Amino acid sequence: MAELNKWVPSDVLEPIKRFLDGDLTMTPSIKVEQFVDGSTLVVRAEVPGIDPDRDVDVSVSEGMLHIRAERAEQTEDRSKTGYRSEFRYGSFTRSIALPPGAREEDITAIYKDGVLEVRAPAPVTAPDAPAKKIRIDHS
């Protein structure tokens, strides 16, 4: 799945992956922006209105970065003319392939103004050696 994530946008694959894993609830995915800054994968996830210490889980397994968030909001308005209550809640998930060589201990996450930013540095690889021509002998 990690190899396929390199070629197909993760928002397309995520519902398919959850279905194949047996999750038939079709939990909505988190909207993300992902790009590479130097040799670091940067993932910015929209998760406004949550407490990052309580409602967000960022984990790594099998070369994949997993972000899970839960939201629960309730507002009440009591007045002389009536009572109004609204609530919204839900669980959101997203999994993204990590760059080859990324180490779990180097991954950082920061939450600011409703955006969770996760940075996963990958080691800089040496340039590939030039191809060596192989001589073909005739028999």
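Note that the structure is a prediction, hence the values are computed from the model and not measured. Start at 1 with the first residue, then count along the sequence.
One finds no salt bridge joining Lys31 and Glu46 here, because no Lys/Arg side-chain nitrogen approaches an Asp/Glu carboxylate oxygen to under 4.0 Å. Using a 4.0 Å cut-off between charged nitrogen and carboxylate oxygen, Asp37 and Arg119 count as a salt-bridge pair.
Residues Ile96 and Leu41 form a side-chain contact, since some pair of their non-hydrogen atoms from C-beta on lies under 4.5 Å apart. With contacts defined as side-chain heavy-atom distances shorter than 4.5 Å, the pair Val32/Leu116 does not qualify. Looking only at side-chain heavy atoms (C-beta outward), Arg68 and Phe92 stay at 4.5 Å or farther from each other. Looking only at side-chain heavy atoms (C-beta outward), Tyr111 and Ile50 come within less than 4.5 Å of each other. Using a 4.5 Å heavy-atom threshold, the side chains of Val43 and Ile67 count as touching.
Expressed to the nearest 0.5 Å, how far CD1 of Ile136 lies from NZ of Lys133 amounts to 6.5 Å. From Glu76, atom CD reaches atom OG of Ser85 across 5.0 Å, with rounding to the nearest 0.5 Å. Note that CD of Glu33 is 5.0 Å distant from CZ of Arg44, once rounded to the nearest 0.5 Å.
Checking side-chain atoms of Ser39 against main-chain N and O of Ala122 turns up a donor-acceptor pair under 3.5 Å.
Across all their heavy atoms, Pro123 and Pro100 have their closest contact at CD-O, 4.0 Å. What you find for Val56 and Val58 is that their closest heavy atoms are CG1-CG2, 4.0 Å.
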Run the side chain to side chain contact (heavy atoms under 4.5 Å, CB included) check on Ile30 and Val47 step by step: do they pass? CA-CA 7 Å; Ile30 299 170; Val47 284; 4.1 Å; yes
When you look at His66 and Ser61, which way does the side-chain hydrogen bond (donor to acceptor under 3.5 Å, both in side chains) test go after all the steps? CA-CA 8 Å; His66 305 285; Ser61 68; 3.0 Å; yes
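Residues that satisfy the side chain to side chain contact (heavy atoms under 4.5 Å, CB included) test with Val60, not counting sequence neighbours, are Leu65, Leu98, Glu104, Ile107.
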